[in-house]
Amino acid sequence: MNRSTVQKWQDKGLLVIAPDGMVNVEATEWNLDQRPARYRGGTPHRPVRTAPQNVRTIPQEARTCPQTEEETEGGLLIVLATLVGIVGKISAEAAVVSGASMRVAYALDSITTVHLWNEAERMLGIPPGSVSGFETMVDKRVVEPDWDNLAAQAGEPVDTDAWDAFVAAHPMLQPPPA
């Protein structure tokens with residue numbers, strides 16, 4: 001098959017992608033066989049396959065790709081905003097599990113969020129310090145770690161004042177020199 005044909009199948013939700021990111025050939029061929037003969041170029045040269053085993057059925061609306069560039073861009077912005085919103089929580093949790101102190105976990109939450117957010121805005125062409133729709137999207141998606149639970153895991157008391165002071169003085173969160 002040529003690339004454009006495969007892309008059309010993907011756009012129609014006919015390709016079945018396995019968890020490892022590879023195409024599940026058996027399930028995809030079964031999807032293709034379900035189309036009426038006039039949509040598959042006539043009668044197939046091989047027998048029509050039976051339904052593949054252990055294939056999760058995905059509703060058509062969940063399988064289809066956005067149809068316009070605007071929808072694609074909007075979807076990618078949502079994904080990017082969601083990643084910016086959760087990166088700090090993931091960093092803080094990873095720090096505690098790795099044996100770091102709570103002040104390090106608290107700092108990593110801020111550092112990774114701020115730096116990824118700034119980098120995303122830079123890549124999107126948003127001028128530093130400006131208010132944008134992307135900022136609003138991220139604000140709605142920021143997920144705070146469960147600091148009480150993380151402190152218990154780390155065997156430390158909750159001391160957000162001390163953690164805030166550590167973060168405020170951290171060199172990676174200082175404004176760049178003029």
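Residue Asp164 holds its CG atom at 13.0 Å from CZ of Arg103, rounded to the nearest 0.5 Å. Taking CE of Met172 as the reference point, atom OG of Ser110 lies at 11.5 Å (rounded to 0.5 Å).
No chain of hydrophobic side-chain contacts below 4.5 Å, direct or via other Ile, Leu, Val, Met, Phe, Trp or Tyr residues, connects Leu150 to Val142. Val143 and Val167 fall into different hydrophobic clusters, where Ile, Leu, Val, Met, Phe, Trp and Tyr residues are linked whenever their side-chain heavy atoms come under 4.5 Å apart, directly or through other members. Phe166 and Val114 fall into different hydrophobic clusters, defined by Ile, Leu, Val, Met, Phe, Trp and Tyr side-chain heavy atoms under 4.5 Å apart, directly or through other members. Side-chain heavy atoms closer than 4.5 Å link hydrophobic residues (I, L, V, M, F, W, Y) into clusters, and following such links, even through other members, never connects Ile111 to Leu116.
Counting heavy atoms from C-beta on, the side chains of Val138 and Leu80 never come closer than 4.5 Å.
When all heavy atoms of Ser101 and Glu156 are compared, the pair lying nearest together is CA-OE2, 3.3 Å. In terms of heavy atoms, Met137 sits closest to Ala81 at CB-CB, 3.8 Å. The shortest heavy-atom contact between Gln174 and Ala169 is NE2-C, 3.5 Å. Shortest non-hydrogen contact noted between Trp147 and Ala105 is CH2-O, 4.0 Å. Trp163 approaches Val158 most closely through the heavy-atom pair CH2-CA, 3.8 Å.
Hydrophobic cluster membership of Leu108, counting Ile, Leu, Val, Met, Phe, Trp and Tyr whose side-chain heavy atoms lie under 4.5 Å apart directly or via other members: Val104.
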Below 3.5 Å, can you tabulate the donor-acceptor pairs from side chains in residues 82-92 to any protein atom, sequence neighbours excluded?
{"unit_1": "Thr82", "atom_1": "OG1", "unit_2": "Ile78", "atom_2": "O", "d": "2.7"}
{"unit_1": "Thr82", "atom_1": "OG1", "unit_2": "Arg141", "atom_2": "NE", "d": "3.3"}
{"unit_1": "Lys89", "atom_1": "NZ", "unit_2": "Glu93", "atom_2": "OE2", "d": "2.6"}
{"unit_1": "Ser91", "atom_1": "OG", "unit_2": "Val87", "atom_2": "O", "d": "2.9"}
{"unit_1": "Ser91", "atom_1": "OG", "unit_2": "Thr112", "atom_2": "OG1", "d": "3.1"}

Would you sort out whether Glu121 and Glu135 count as a side chain to side chain contact (heavy atoms under 4.5 Å, CB included), showing the intermediate values? CA-CA 9 Å; Glu121 287 184 337; Glu135 181 177 359; 4.3 Å; yes
